[in-house]
Engineer: 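Below you will find the structure I want to go over with you.
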Amino acid sequence: MQDKILRRLTSAQQKAVFHKEGALLVIAGPGSGKTRVITYRIAALIDSGIRPVNICAITFTNKAAEEMRQRVVAMGTPVGAHISTFHSLCVRVLRQYADAAGIASNFSIFDAADQSRCIKQAVKDCELDTGNFSPARMLEAVSTLKNKLITFEDIEQSADGFFDKVLAKIYKRYQHILEDNNALDFDDLLVKSAHLLENQKDVCSKLNSRFRYLLIDEYQDTNHAQYRIARALVRDHNNICATGDPDQSIYRWRGADIRNILDFERDWPDAVIVKLEENFRSTPNILKIADHLIAANQSRKQKILIPTRKTGSDVIVNCFEDEHEEAQQVAGQIQRLIADGLPANEIAVFYRVNAASRVFEEAFIKEKIPYQIVRGVEFYSRKEIRDVLAYLKILVNPADDIALVRIINTPARGIGKTTVERVMAYADVHNISFYEALKRAEKVKNLASSAKKRIAAFVGMIEGFKKAINKEVAPVIELVFDESGLQKSLKDQGKDGKRALENVDELINSAADYDKTAEEPSLLDYLQQISLFSDVDTYDPSAGRVALMTLHNTKGLEFEAAFITGLEDGILPHERSSEDDDDIEEERRLFFVGITRAKSHLFISYAQYRTIRGRQTRTIPSQFLYELGIETTQQQDDSEYIYEEIDDETISSNCETFKKGQPVRHPSFGRGTITEFHDMGQNSIAVVKFNSGQTKTLMLKYAKLEKI
DNA sequence: GCGAGTTATGTTTTT
DNA sequence: CATAACTCGC
């Protein structure tokens, strides 16, 4: 075994793989085989006599976990190591130690849509105006606090500003709503686990002896709560191995804390640090521009990528008329690659925002290119699927009012808004769940006898379903789908319903699959698992189709050919991420991650016009294009094209030379100061920090900048 | 109580 | 532009 592993690894990789006891940090650039190191390390640990059940590996997505499991098994090692995401691990721990964590083990996991309903309710309950305190904003703020393990009690005490005080109130109310529903949101899974591990020493000890080795991949994108969980999990033995790359940190907005990786040596002073700088994935040309681009980030340790591949084709930067031409040309280029013998599943198209997928989809359908859009959650957010799942959730967790409200009258069974409100009021007064109140509907005042009858029938139906619960999930779904009347109502809908019926069929199929493969199948486990599905989880690399995905979803993947699209100011970097330098740097890392996914062919493109919110808008090329360190012939061709559209007078008046520090005025952004100026004649670019706080990169020939 | 039609609203990335 | 929220007539 050891020999077999040795032959395939570089000496640096070996050092990490065969590291014995204590903390280990693997700082590794893209394509350096860091995930591979973890996989081999699991095998090596088992090979050295460690029992598989004593190993816990954490991946960023379920998909990555699945792949790692397969690879470990393929290496001839016994199954049994726990490999999952942080969230999945937390679900397991919380279910097992529910009492100690102070929760019930049949908790619902609230997804974004459920959370949104709860926060809206919370804002309403606090009698606040949703204008100033938009649910989305408050949810983000609450999530940020939770990721830092700040409770509402904490913030209640420390809040001094008006916003913080209101936030504390909403946070508290929101948390109570979740509690009433016996529900945890994504963040709670981490928060409750961290608190459990830190406050219940015996649970912590048990887990320390269960998992004697902890391995964490993509450590640069862990948040503070995850760090605290990891710290507690290795409290007794310090056998932690983390791998990551600060240059690939792209989830700061979600609470990822780069300090986790930067301070690793402080947290584990005896840590051995291994650096993997060789890149086995990409051609030198691709790595050269990746290096050049990422060097523009100020807050970063110098590091370069050492190519091990010797040759490769050029990186191509294309400028297109608009997003339709971009999609069309990308499709054409893909057809050429496929004709040259490249399998379709070795090709991928990346974009910054999901909305950008549509034009590509249209072009691919037109050109008959097989494709798959990597967006898993979309399936589970379809109305019919949510409806079915809501029924199932009620069976497992009757306190889940959100699910109950969803299906009490779906399909329509004559229990309308008024009835629901009256029963809800009754539930509030008696401090019981909505379902409990429905059971006692007889006692609710002002309720029509017809309504009472319908409610009784509904409760009877749910109780009947409960009796049907078994280990196997698929038969329960079929029963519920049929007897709830959902199936019939979809059948009656004609064409639209047909599509929905197919989706439910797919759900039943996947549940049957779950029944077959799960260790201990149960309805509870099934519901909790599917809540944690991620976008990339549905991605099937063997399907022989071109992959379309956001740049965030490309993490950990690689393709022979990659197309990175929409390199325009406001898109990449995204306008909502342009507020400060840190935001821009993260956007730059995102582009860096995209670039380094490509093994052999890289195509980067932007369009001169793009339809944004239904308006065709002239775009400004992304500042990142000028940071790649390449001159492209395409850009010059376009420039000529652009000249025809702009009269000479405008160009000359717009192309004065500016200096750093020059105060300027822009017709829409107002006053500001030039912070950077790249003199490239008619293509000159100025970076302007406006008084509004935003920083924009402007091409002088388009932007009407005035000196003031 | 229900659903069609209208109006407002809000727009990044995701476990 | 796309969807959510809302109104109004049955």
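Only this structure's heavy atoms are used, side chains among them; waters, hydrogens and symmetry mates stay out. Convention: sequence-line order gives letters A, B, ...; per-chain numbering from 1.
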Engineer: Side chain of A/Ala412, heavy atoms from C-beta onward: which of B/dC2, C/dA5, B/dT13 has the nearest atom to it?
Structural biologist: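 Closest nucleotide to the A/Ala412 side chain: B/dC2.
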Engineer: Side-chain N or O of A/Thr418 less than 4.0 angstrom from OP1 or OP2 on B/dG1?
Structural biologist: yes
Engineer: Hey, is the side chain of A/Asn354 poking within less than 4.0 Å of OP1 or OP2 on B/dT13, counting only N and O atoms?
Structural biologist: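 The answer is yes; a side-chain N or O of A/Asn354 sits under 4.0 Å from OP1 or OP2.
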Engineer: Between B/dT11, B/dT14, B/dC2, which one does the side chain of A/Tyr251 approach most closely?
Structural biologist: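 Shortest atom-to-atom distance from the side chain points to B/dT14.
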Engineer: Please tell me which of the listed nucleotides, B/dT13, B/dT15, B/dG1, lies nearest to the side chain of A/Thr85?
Structural biologist: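 Selected nucleotide: B/dT15.
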Engineer: Classify the nucleic acid contact of A/Phe86 as base, sugar-phosphate or nothing, counting any heavy atom under 4.0 Å across all strands shown.
Structural biologist: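 If one applies the 4.0 Å heavy-atom cut-off, A/Phe86 turns out to touch nothing in the nucleic acid.
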Engineer: Is the phosphate of B/dT14 approached by A/Asn553 (side-chain N or O, under 4.0 Å from OP1 or OP2)?
Structural biologist: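 Checking A/Asn553 against B/dT14: at least one side-chain N or O falls below 4.0 Å of OP1 or OP2.
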Engineer: Would you mind telling me which of C/dA5, B/dT14, B/dT11 lies closest to the side-chain atoms of A/His552?
Structural biologist: B/dT14
Engineer: Would you call the rings of A/Tyr351 and A/Phe360 parallel, tilted or perpendicular, where under 30° means parallel and over 60° means perpendicular?
Structural biologist: parallel
Engineer: Answer with base, sugar-phosphate or nothing: what part of the nucleic acid does A/Arg358 contact at a heavy-atom distance below 4.0 Å?
Structural biologist: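 It contacts sugar-phosphate atoms only.
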Engineer: Give the nucleotide from the list C/dA5, B/dT14, B/dT12 with an atom nearest to the side chain of A/Thr550.
Structural biologist: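 Side chain of A/Thr550 sits closest to B/dT14.
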Engineer: Would you check if there is a donor-acceptor pair between the side chains of A/Asp525 and A/Tyr514 at a distance under 3.5 Å?
Structural biologist: yes
Engineer: Check whether more than 12 heavy atoms from other residues, nucleotides or ligands sit under 6.0 Å from atom NZ of A/Lys148, and answer yes or no.
Structural biologist: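 Result for NZ/A/Lys148: open.
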Engineer: When the C1' atoms of C/dA5 and B/dT12 are compared, how many Å lie between them, rounded to an integer?
Structural biologist: 23 Å
Engineer: Would you indicate, yes or no, if B/dT15 has its OP1 or OP2 atom less than 4.0 angstrom from a side-chain nitrogen or oxygen of A/Ser88?
Structural biologist: no
Engineer: Is the shortest side-chain N/O distance from A/Lys555 to OP1 or OP2 of B/dT14 below 4.0 Å?
Structural biologist: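 Checking B/dT14 against A/Lys555, no side-chain N or O comes under 4.0 Å of OP1 or OP2.
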Engineer: Is there a side-chain contact between A/Asn409 and the phosphate of B/dC2, meaning an N or O under 4.0 Å from OP1 or OP2?
Structural biologist: yes
Engineer: Base, sugar-phosphate, or nothing for A/Thr611, non-hydrogen atoms under 4.0 angstrom?
Structural biologist: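 No contact at all - A/Thr611 keeps every heavy atom at 4.0 Å or more from the nucleic acid.
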Engineer: Side chain of A/Phe186, heavy atoms from C-beta onward: which of C/dA5, B/dT15, B/dT12 has the nearest atom to it?
Structural biologist: B/dT15
Engineer: Could you tell me if A/Asn62 and A/Glu66 have a donor-acceptor pair between their side chains, going purely by distance under 3.5 Å?
Structural biologist: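 There is no such pair between these side chains.
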